[in-house]
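Read through the structure below, which is laid out as structure tokens, and then see the notes.
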Amino acid sequence: MIFTHGNKMKIIKPFAHARRSAFSSLLLSLSLSLPLSLFAGAVSASSNAKVGDFALLDHSGKFHQLSYYGDYKAVVVATQGLSGSGLAEDAANLSAVKRAVGEQNVKFFMLNSQPKDARDAVAAKANELDLNIAILLDQSQLVAETLGVTRLGESVIINADTMTVLYRGDTTSIAQVLPSLLAQDGAEVASAQPTGQLIDFAAKTAHQQAAVSYTKDIVPILQENCVSCHHDGAIGPWSMSSHAMVRGWSPMMREVVMTRRMPPGQIDGHVGKKIAEVAGLTIAEKQKLVHWIDAGAPMDEGTDPLPLMTFTDGKFSLGEPDMVFKVPAQSIPATGVIDYRYVPVELNLDRDVWIRAMEFVPGDREVLHHVITYLSSPADKSGSEQNKAAERGDNIGGFAPGRQPDEFRDNSGRFIPKGSNLLLQMHYTTSGRETVDETEVGLFIYDKPPAFVMSGGVAGQRRFLVPPGAKEHMLRGEQLVERDAYLYEMTPHMHFRGKHMSYSVEYPDGKTEQLLSVPKYDFNWQFNYRLEEPLFLPAGSKLIATGAMDNSDRNPGNPDPTKPVFFGLQTMHEMFFGFTTLRYEGDTPDGVAVEEAVTEVADDSVAGFD
């Protein structure tokens with residue numbers, strides 16, 4: 001997980017630094033909990049007003065985080081809306097300034113904080129105005145509140161390195177002030193009072209008139225979205241066990257919500273197919289939570305519901321497996337970077353089996369980051385084929401923080417031939433103490449063969465070079481679906497430089513359809529995105545994964561931005577895999593030879609690589 005404070009960026013490994021980061025989190029909270037009154041409505045940059053970090057998607061679905069642009073001398077944010085009388089003029093003014101000063105030193109944005117302005121309409125207006133400036137969509141209005149803007153047409157110049165407001169005014173004054181401000185290398189200048197239409201902050205007003213209730217409003221949000229991971233014995237680094245605990249961590253909660261890092265695994269819900277159990281808070285939930293925190297995270301009168309919650313955490317969430325295998329114990333040092341480990345697990349199967357599900361139970365959740373499960377051939381005694389399977393992307397299941405166990409729907413399953421073994425790609429992070437991880441894997445077996453065969457594949461690319469310093473190196477992979485099939489799941493996989501990934505399908509008639517967009521990929525959270533309804537793919541369809549690598553120094557997870565990056569199995573290298581789970585029509589245990597089914601999985605997995 002990446003935590004950002006001003007221009008200070010570092011990787012916080014999930015769960016690993018919960019105790020020793022408490023003090024640094026407290027220091028971070030001092031800046032993040034500044035009351036909005038310190039900067040809301042300010043008209044003079046002489047206040048040197050601080051702003052908190054934030055992240056939004058723009059009108060094209062691209063992710064932007066303010067702190068990412070700390071290498072620019074200034075970031076200009078101009079508020080507007082489709083109803084604003086000065087929209088065309090402001091767009092023209094900003095475009096002119098952008099052309100005059102260039103994009104090397106200044107990053108330009110427009111901010112739409114009008115909840116009624118639909119994204120498609122905003123994108124259409126940007127196209128109509130020929131606007132080459134990203135329009136950030138702030139439907140919750142929380143970013144506008146954070147920046148202290150109150151009117152359409154109001155513009156703010158920010159130093160994203162120090163998170164300070166340098167100037168407030170309108171786009172006309174921005175054009176006049178920015179060149180001299182840059183010439184003075186960030187020196188403050190007198191601000192002007194904007195006069196545009198007032199923005200209606202309906203939720204903020206409502207919450208000022210009737211305070212957000214901890215017991216009635218906040219606790220239900222936490223129970224629905226947070227407490228399942230954040231309770232004693234679960235994977236969260238701290239427990240939401242009481243109001244006192246939540247209040248103590250509330251500045252950090254605000255920061256991770258405002259930067260879209262929590263809940264993890266968020267997608268662009270405006271595009272693609274419906275995803276089951278998608279992560280993320282609703283607009284109303286974000287507003288309630290942030291406004292409650294900004295009000296000091298007060299407690300209601302009466303009983304705190306959180307200590308009364310009980311949890312029945314069985315070892316395996318799917319129930320008792322039919323087969324349980326212990327992974328060979330892994331010794332983990334206290335500090336340092338641990339490369340991927342490839343650990344074989346002997347199954348000793350004396351018969352062919354069909355699995356309906358697979359679930360991992362980590363031995364030490366603080367250090368086990370993820371597992372990807374490959375199937376090795378019964379004939380492979382030396383292990384020579386194991387890395388080849390990993391390079392292809394063949395896998396039958398896995399584990400990652402927050403990821404659901406692998407269950408195969410619609411009476412389908414995966415085949416494990418007699419004599420086969422598992423090869424586990426295991427990624428560990430250090431926690432400040434030596435430990436031994438003894439993970440277990442449970443297999444849930446069908447009593448008789450299922451009706452259908454579930455298969456895996458990947459739309460990926462493994463021949464690439466990401467140049468040093470590249471902020472957005474685009475990659476693309478394809479998977480040809482040679483026979484009629486149903487798509488069930490998509491799982492993006494990259495390493496530390498992974499920036500974003502989306503899936504689309506190109507049908508045989510030439511029509512294309514976007515299926516999924518993960519606008520901010522996080523190596524620390526590798527989710528399996530399940531379609532609510534399987535998607536039929538006629539033979540000849542192409543599944544396409546498109547994404548980007550960030551090999552720059554603005555990527556806080558980048559091991560070395562001065563070196564080019566190639567495909568490889570270790571985290572110092574990179575991968576670009578868009579894993580898929582499909583069910584081919586006609587593939588049944590009786591209708592398809594086992595050897596043919598397994599071969600087709602491998603063939604599909606390397607489609608588009610040669």
query = Under the salt bridge (charged side-chain N to carboxylate O under 4.0 Å, His left out) criterion, do Lys73 and Asp161 qualify, and how do the steps go?
reply = CA-CA 8 Å; Lys73 286 188 175 181; Asp161 185 43; over 6 Å; no
Distance-minimising heavy-atom pair for Glu154 and Gly148 = OE2-O, 4.0 Å
query = For Asp550 and Asn558, does a side-chain donor sit closer than 3.5 Å to a side-chain acceptor?
reply = no
ask   = Any donor-acceptor pair under 3.5 Å linking the side chain of Gln461 with the backbone of Arg476?
value = yes
ask   = When the ring planes of His493 and His370 are compared, do they come out parallel, tilted or perpendicular, using 30° and 60° as the limits?
value = perpendicular
ask   = How far apart are the closest heavy atoms of Ala548 and Met474, and which atoms are they?
value = CB-SD, 3.7 Å
Arg151 vs Thr195, side chain to side chain contact (heavy atoms under 4.5 Å, CB included): CA-CA, chis, key distance, verdict = CA-CA 7 Å; Arg151 296 177 180 272; Thr195 59; 5.6 Å; no
query = Less than 4.5 Å apart, any side-chain heavy atom of Tyr503 and any of Pro492?
reply = yes
task = Without swapping roles, check the side chain of Glu506 against the backbone of Thr512 for a donor-acceptor pair under 3.5 Å.
result = no
ask   = Of all residues at least two apart in sequence or in a different chain, which pass the salt bridge (Lys or Arg N to Asp or Glu O under 4.0 Å) check with Asp71?
value = Lys471, Arg554
task = With sequence neighbours left out, write down each residue that passes salt bridge (Lys or Arg N to Asp or Glu O under 4.0 Å) with Asp217, or none if nothing qualifies.
result = Lys288
Any side-chain heavy-atom pair of Leu516 and Ile267 under 4.5 Å = yes
request  = Output all residues satisfying salt bridge (Lys or Arg N to Asp or Glu O under 4.0 Å) with Lys216, sequence neighbours left out; order by chain, then residue number.
outcome  = none
task = Using a 4.5 Å cut-off on heavy atoms from C-beta on, say whether the side chain of Trp292 contacts that of Pro298.
result = yes
Nearest heavy atoms of Leu129 and Ala91, plus distance in Å = CD1-CB, 4.0 Å
request  = Give a yes or no on whether a salt bridge exists between Glu145 and Lys204, defined as a side-chain N under 4.0 angstrom from a carboxylate O.
outcome  = no
task = Go through the steps for Glu472 and Arg497 under the test salt bridge (charged side-chain N to carboxylate O under 4.0 Å, His left out), then give the verdict.
result = CA-CA 10 Å; Glu472 185 139 350; Arg497 296 130 182 125; over 6 Å; no
inquiry  = Looking at Arg260 and Asp522, is there a salt bridge between them, counting it only when a charged N and a carboxylate O are closer than 4.0 Å?
reply    = no
query = Who are the salt bridge (Lys or Arg N to Asp or Glu O under 4.0 Å) partners of Glu89, not counting sequence neighbours?
reply = none
key: Distance-minimising heavy-atom pair for Ala459 and Ala545   = O-CB, 3.5 Å
query = Can you check whether Leu137 reaches Leu57 side chain to side chain, under 4.5 Å on heavy atoms?
reply = no
request  = Verify the distance criterion only: is there a donor paired with an acceptor across the side chains of Thr259 and Asp53 at less than 3.5 Å?
outcome  = no
Residue pair Asp300 / Ser213: nearest heavy atoms and the distance that separates them = OD2-OG, 2.5 Å
message = Is there a side-chain contact between Trp238 and Met245 in this structure, where contact means two heavy atoms from C-beta onward sitting under 4.5 Å apart?
response = yes
query = Distance only, no hydrogens: is a donor on one side chain within 3.5 Å (strictly under) of an acceptor on the other, for Asn551 and His473?
reply = no
task = For the pair His369 (side chain) and Tyr428 (backbone), establish whether a donor and an acceptor sit closer than 3.5 Å, ignoring hydrogens and angles.
result = no
ask   = With no hydrogens and no angle check, do the side chains of Asp170 and Ser173 hold a donor and an acceptor under 3.5 Å apart?
value = yes
task = Report the relative orientation of the aromatic rings in His427 and Tyr340; use parallel for angles under 30°, tilted for 30 to 60°, perpendicular for over 60°.
result = tilted
message = Any side-chain to backbone donor/acceptor pair from Tyr521 onto Met494? Under 3.5 Å, distance only.
response = yes
task = Could you tell me the separation between the CD atom of Gln80 and the CG atom of Leu152, rounded to the nearest 0.5 Å?
result = 5.0 Å
task = Please answer whether the main-chain N or O of Ile135 pairs with a side-chain N or O of His59 as donor and acceptor at a distance below 3.5 Å.
result = yes
query = Are any of the side-chain heavy atoms of Ile174 and Tyr167 separated by less than 4.5 Å?
reply = yes
key: Heavy-atom side-chain contact between Phe54 and Ser67 under 4.5 Å   = no
ask   = If you take all heavy atoms of Gly547 and Phe576, which pair is closest and at what distance?
value = N-CZ, 3.4 Å
inquiry  = Counting C-beta onward and ignoring hydrogens, is there a side-chain heavy-atom pair between Phe566 and Phe464 closer than 4.5 Å?
reply    = no
Over 12 foreign heavy atoms within 6.0 Å of CD, Glu224 = no
Taking only distance into account, with no hydrogens and no angle test, what donor-acceptor pairs under 3.5 Å do side-chain atoms of residues 106-116 form with protein atoms, sequence neighbours excluded?
| from | atom 1 | to | atom 2 | distance (Å) |
| --- | --- | --- | --- | --- |
| Asn112 | OD1 | Gln114 | N | 3.0 |
| Asn112 | ND2 | Asp117 | OD2 | 3.0 |
| Ser113 | OG | Asp138 | OD2 | 2.8 |

query = Can you find a side-chain donor-acceptor pair between Asn159 and Thr164 that sits under 3.5 Å?
reply = no
task = Look at atom CG of Asn132 and say whether more than 12 heavy atoms of other residues, nucleotides or ligands are closer to it than 6.0 Å.
result = no
request  = Sequence neighbours left out, what passes side-chain contact (heavy atoms from CB on, under 4.5 Å) with Arg247? Give chain and number order.
outcome  = His243, Ala297
